[in-house]
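Report on the structure given below.
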Amino acid sequence: MKIAIPASAPSLDAPMDSRFGRSAYFILVDTDTMQWEAHENPAVHASGGAGLQAVQFLSQFGTQAVISCDFGPNATTALSAAGILMYQCNSPLTVREAVSQLSAGQLHQVHNATNPGHHGK
């Protein structure tokens, strides 16, 4: 499964960014091979709609799931429309730890927004 994790730096050992749409980077990981690639988030400085833009960006890579600390309402709607699964982690983790927890079945799938959104913050 190809998953995306918001991160503060372009590394598997980088801390996850607690923001989805405004994270500095997205780390894309193929959980079958553990091959990964880092991409700067083009929506990090968007004046609005960062979550939607981030989803559109991730969709072009065939992303099947996202792990994040929180999901705002706009990102949740866009991810659901794109057929991308959402998994939430409740504590700050590195990207590698988040992938490990997903593979071990320790993360739960969410279907609704987990915060009211940042709306330009």
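Numbers for residues simply follow the sequence, beginning at 1.
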Supply the members, apart from Leu85, of the Ile/Leu/Val/Met/Phe/Trp/Tyr cluster built from side-chain contacts under 4.5 Å; use none for a lone residue. Met1, Ile3, Ile5, Leu12, Met16, Ile27, Val29, Met34, Trp36, Ile67, Tyr87, Leu93, Val95, Val99, Leu102, Leu107
For Ala24, which residues count as a side chain to side chain contact (heavy atoms under 4.5 Å, CB included) partner, sequence neighbours excluded? none
Among residues two or more places apart or on two chains, list those pairs meeting salt bridge (Lys or Arg N to Asp or Glu O under 4.0 Å) that have a residue in residues 53-65. none
Residue list, side chain to side chain contact (heavy atoms under 4.5 Å, CB included) with His108, at least two apart or on another chain: Gln88, Asn90, Val110
Please tell me whether Leu52 and Phe20 are part of a single hydrophobic cluster in this structure, the criterion being side-chain heavy atoms less than 4.5 Å apart. no
Partner set under side chain to side chain contact (heavy atoms under 4.5 Å, CB included) for Ser11, not counting sequence neighbours: Asp13, Ala14
With salt bridge (Lys or Arg N to Asp or Glu O under 4.0 Å) as the rule and sequence neighbours excluded, what pairs involving residues 75-86 come up? none
With side chain to side chain contact (heavy atoms under 4.5 Å, CB included) as the criterion, how do Ser68 and Arg19 come out once you've worked through the C-alpha distance, each side chain's angles and the decisive distance to 0.1 Å? CA-CA 8 Å; Ser68 184; Arg19 304 161 300 167; over 6 Å; no
Residues in side chain to side chain contact (heavy atoms under 4.5 Å, CB included) contact with Pro10, at least two apart in sequence or another chain: Tyr25, Ala38
With Glu37 via side chain to side chain donor-acceptor pair (under 3.5 Å) - residues at least two apart: His39
Which residues pass the side chain to side chain donor-acceptor pair (under 3.5 Å) test with Thr114, sequence neighbours left out? Asp70
Sort and list the pairs that fulfil salt bridge (Lys or Arg N to Asp or Glu O under 4.0 Å) and have at least one residue in residues 38-47, not counting sequence neighbours. none
Residues at least two apart in sequence or cross-chain that pass side chain to side chain donor-acceptor pair (under 3.5 Å) with Asn41, listed by chain then number, are none
If you measure from CZ on Arg96 to OG1 on Thr94, what distance do you get to the nearest 0.5 Å? 7.0 Å
Pairs of donor and acceptor atoms involving the side chains of residues 53-64, under 3.5 Å and at least two apart or interchain, shall be tabulated with distances.
unit_1, atom_1, unit_2, atom_2, d
Gln53, NE2, Gly48, O, 3.2
Ser59, OG, Val55, O, 2.9
Gln60, NE2, Phe57, O, 3.2
Thr63, OG1, Leu58, O, 2.8
Gln64, OE1, Lys2, N, 2.7

